[in-house]
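What follows is a set of notes on a single structure, which appears directly below.
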Number of protein chains: 2
Amino acid sequence: MTQLKEARKGRITDEIKEVARQEFINPKQLRKLIAKGRVVLPRNVNHAFSPIGIGKFLRTKVNANIGSSPNSHKIDDELKKLEICTKYKADTVMDLSTGGDIDKIRRAILKNSSIPVGTVPIYQAMVEKESIEDVTEDDILNAIEKHIRDGVDFITVHSGLTKNAIPLVEKRLMGAVSRGGSFLVRWMKHNDKENPLYDNFKRILELAGEYDVTLSLGDGLRPGAIKDSTDKAQLHELKVLGKLAKNAWKNKVQAMIEGPGHIPLHEIEKNMKLQQKYCHKAPFYVLGPLVTDVAPGYDHITSAIGGAIASWHGADFLCYVTAAEHLRLPNADEVREGIIAARIAAHAGDIAKGIKKAAEWDNELSKNRKNFDWKNQFELAMDPEKAERMRKESCLNNEEYCTMCGKFCSMRK
Amino acid sequence: MTQLKEARKGRITDEIKEVARQEFINPKQLRKLIAKGRVVLPRNVNHAFSPIGIGKFLRTKVNANIGSSPNSHKIDDELKKLEICTKYKADTVMDLSTGGDIDKIRRAILKNSSIPVGTVPIYQAMVEKESIEDVTEDDILNAIEKHIRDGVDFITVHSGLTKNAIPLVEKRLMGAVSRGGSFLVRWMKHNDKENPLYDNFKRILELAGEYDVTLSLGDGLRPGAIKDSTDKAQLHELKVLGKLAKNAWKNKVQAMIEGPGHIPLHEIEKNMKLQQKYCHKAPFYVLGPLVTDVAPGYDHITSAIGGAIASWHGADFLCYVTAAEHLRLPNADEVREGIIAARIAAHAGDIAKGIKKAAEWDNELSKNRKNFDWKNQFELAMDPEKAERMRKESCLNNEEYCTMCGKFCSMRK
């Protein structure tokens, strides 16, 4: 059973009812959107939590990446990161662990998570071998199978990066900057074989279908510099991803498409339109986009700018980018700020694209701001704790107005 | 003598030559832009520093607000803030002091600033009286005259907020949220008189013309909630500002227009187009725009999103907004992050609108990123210190790659 199969049969499942309720949308309309592949409900049949929807006419969702590295791989640390993600209302998390006991960490996260969990199984296949060249097709398929059977709700598979795209990559300023993409390019060149995630797509579909795992069709060739944006390599892969999405739907497997990356402001709308065209309106899951390359240390901001415009023009799901991007793994503060920055982008996009009740939130907060109801204003704020703490640091704490304008506050009666 | 007067006479002044050099633009083209009022060179004849230009075909500029408050008014603190602004490359500062010896602070800032300094003279007129109702027309004009004679390079005058706009303000969710605007609304109602900044515009032009002070025609009615965005009150004032700009040009006084405020994503382009139409392509100086009301504590991000789109569609000058907006005065860290966020927005907009050599910066940084030349990458970064510090915190400091991907770095040879 998959949600897509049920929706195709005309059945309104409990999950569809629940998501329709969250999103203020008619369950019949939602069923149709799922049947057409325009909305996914990522939830493994072995993973229990309140379902969420990602796709057209729904609130734009935010993913936060967590996971161990070779230098830091305590399970408790990862569970703490998961707590931060839930506290600051990321809609999903991805466990990108590459260090320590990866299976144990993934299972602990799955057990403790109340939101959908995604993974990139090839990462595990890569790190468990001495060198990338030693990874076999079986290693990759086994990792996918293990993650799916463990209860992961969505997995990234870079199945669209085919061998004939490699010459296009070599023309780039930055080449392939995604970990999965650069691994596959190297693997294909070394083995002189087609991408195993493309060649074995049928097997991947069987596994995903069995557990209702949503495939997140990864963009191994997302541009890593604005110079490489919207180039032939990127668009070649996007077209293949569109074909694979159709193939997934034929097999009643839920699918979404991953997207860029570094994209200048004026190319974002075009990118969203091309994805809709090539990928038949499958949900679009973007990383950023980062609208400039020049701000390492502030890439949560470069991404929030791009993410807002992407969401407005059709992206359904934003992967957060933290201030540490390009520099190191993020710390707890950076994870929090990264989630909030992505949520701001998602919400700004939702207001612009007219998602139901999105702007009501703003109006409600502004009414409380106008009335100096600080308590309610904080409760409604995207990050209530930070807003309250900052206000408390002000010495006019007992006054209605704040230190910005003092008694010249424009809102005083 | 004003730059506008000289440009109209066909003279290419030293200032025009210098700005043309900075901006990779032909001096003749720049002279024409200044003559038409599409570019301003804000510099008081009594204030010596290397001139900058603000307007069409030039790099989008960023302003940072500093200034004392009744609770904190040490001159040294303000000079330290000025240092931060210069260090992080704000293009201008505005001294919005409302506490302590305001004259002394302004003069100290002017003496020490290597970038244009702006002020809002009515703030001083307001704070030096017991109550707003006691402020006289003379108080306001005297404050303007004093600031101009002291050497201020640009002043905000909210001359476009006329009495007939008051009923439009009263329909709003948030009313008039700018300090100047709310003061003037109260003053006009109390005195049952027209806005003195409108009534005495001729006198203001005489003073500004004498010292070549650029008038920043203030938007007292900028929307303070997305609900109030692009409403009749805002557009009424904008039309008046356009007429005043024409009047300024007739008198050879340089002028720019101030703009919003809280504006949802999908209304920003329209706002930029309306300003160009109503204000005859006078340079546009915007505060934000903030694309949502719900993120107190993160308004540098909500503003960077709006500022980037504004810059792309025609804004020439962005006023920074810090994370402390709506909560308290910003601290040093928040000032720094606010400047960088606004610079990111300005630069992203510059790439999108095709400002000369804007994207070259990105390409240069990305080349160094590709080559693992961390030193050059940091030097080119928008905030070199932060980028370098974050990387140093990584335990892989001596390795080429960083803790994000470790040995699985996609860029390793």
Side-chain angles (χ1 to χ4, degrees), chain A residues 69-71 98 126 173-174 176-179 182 225-227 264-266 291-298 301-302 304-305 308 312 324 327-329 340-341 344-345 347-349 351-352 359 361-363 365-366 370 380-383 386-387 390-391 393-395 402-406 408 410, chain B residues 69-71 98 126 173-174 176-179 182 225-227 264-266 291-298 301-302 304-305 308 312 324 327-329 340-341 344-345 347-349 351-352 359 361-363 365-366 370 380-383 386-387 390-391 393-395 402-406 408 410:
Chain A
S69 73
N71 313 291
T98 56
M126 282 157 66
L173 173 59
M174 296 291 278
V177 299
S178 98
R179 264 191 286 191
S182 76
I226 60 166
K227 179 86 174 166
L265 271 185
H266 59 295
V291 294
T292 171
D293 310 343
V294 301
Y298 297 85
I301 297 177
T302 65
I305 295 171
W312 169 20
L327 297 169
R328 58 162 167 71
L329 278 175
I340 300 288
I344 288 170
H347 179 65
I351 295 168
W361 181 10
D362 296 71
N363 300 343
L365 186 139
S366 285
K370 176 75 182 164
L380 285 161
M382 207 165 257
D383 180 351
K386 185 178 180 190
M390 284 177 71
R391 162 117 176 111
E393 287 160 5
S394 151
C395 49
C402 85
T403 48
M404 176 69 88
C405 303
F408 302 100
S410 62
Chain B
S69 73
N71 313 291
T98 57
M126 284 158 67
L173 173 59
M174 296 292 278
V177 300
S178 97
R179 266 191 284 189
S182 76
I226 60 166
K227 179 87 173 164
L265 272 185
H266 58 295
V291 294
T292 171
D293 310 342
V294 300
Y298 297 86
I301 297 177
T302 64
I305 295 171
W312 170 19
L327 297 168
R328 58 163 168 70
L329 278 176
I340 301 288
I344 289 170
H347 179 65
I351 295 168
W361 182 8
D362 295 71
N363 300 344
L365 186 138
S366 286
K370 176 74 182 165
L380 285 161
M382 206 165 258
D383 180 350
K386 186 179 180 191
M390 285 177 71
R391 160 113 178 116
E393 287 159 6
S394 150
C395 49
C402 84
T403 49
M404 175 68 87
C405 303
F408 302 101
S410 62

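In the text below, chain A, chain B and the rest are named by the order of the sequence lines, each starting its count at 1.
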- Message: Is B/Ala381 close to chain A through its backbone or its side chain, or both, or neither, when contacts mean heavy atoms under 4.5 Å?
- Response: both
- Query: Contact part of B/Leu365 toward chain A, heavy-atom cut-off under 4.5 Å: side chain, backbone, both or neither?
  - Reply: side chain
- Message: Looking at chain A, which one of B/Ile351, B/Asp383, B/Val294, B/Thr98 has the largest number of heavy-atom pairs inside 4.5 Å, strictly under?
- Response: B/Val294
- chain A heavy atoms under 4.5 Å from B/Ile226: which part of the residue, side chain, backbone, both or neither? side chain
- Where on A/Leu265 is there a heavy atom nearer than 4.5 Å to chain B: the side chain, the backbone, both, or neither? both
- Message: Looking at chain A, which one of B/Lys227, B/Met382, B/Arg328 has the largest number of heavy-atom pairs inside 4.5 Å, strictly under?
- Response: B/Arg328
- Item | Side chain / backbone / both / neither for A/Ala176 at chain B, heavy atoms under 4.5 Å | backbone
- Message: Run the side-chain contact (heavy atoms from CB on, under 4.5 Å) test against B/Ser366 and tell me which residues pass, sequence neighbours left out.
- Response: A/Leu173, A/Met174, A/Ala225, A/Asp293
- Message: Out of A/Ser178, A/Ser182, A/Ala359, return the one with the most heavy atom pairs under 4.5 angstrom to chain B.
- Response: A/Ser182
- Message: Closer than 3.5 angstrom, by distance alone: can the side chain of B/Trp361 be matched with the main-chain N or O of B/Leu380 as a donor-acceptor pair?
- Response: yes
- Pairs of heavy atoms under 4.5 Å with chain B: top-ranked of A/Ala341, A/Ala345, A/Ala324, A/Ala308: A/Ala308
- Item | Non-neighbouring partners of B/Leu329 that pass side-chain contact (heavy atoms from CB on, under 4.5 Å), sequence neighbours left out | A/Thr403, A/Met404, B/Ser69
- Go through A/Lys386, A/Met126, A/His347, A/Met390 and name the one with the most non-hydrogen pairs under 4.5 angstrom from chain B. A/Met390
- Message: Could you report the tightest heavy-atom contact between A/Ala387 and B/Leu327, atom names first, then the distance?
- Response: O-CD2, 3.7 Å
- Message: With chain A as the partner, which of B/Ile344, B/Asp362, B/Ile340, B/Asn363 has the greatest number of non-hydrogen pairs under 4.5 Å?
- Response: B/Asp362
- Using non-hydrogen atoms and a 4.5 Å limit, figure out which bit of A/Pro296 sits close to chain B: side chain, backbone, both or neither. both
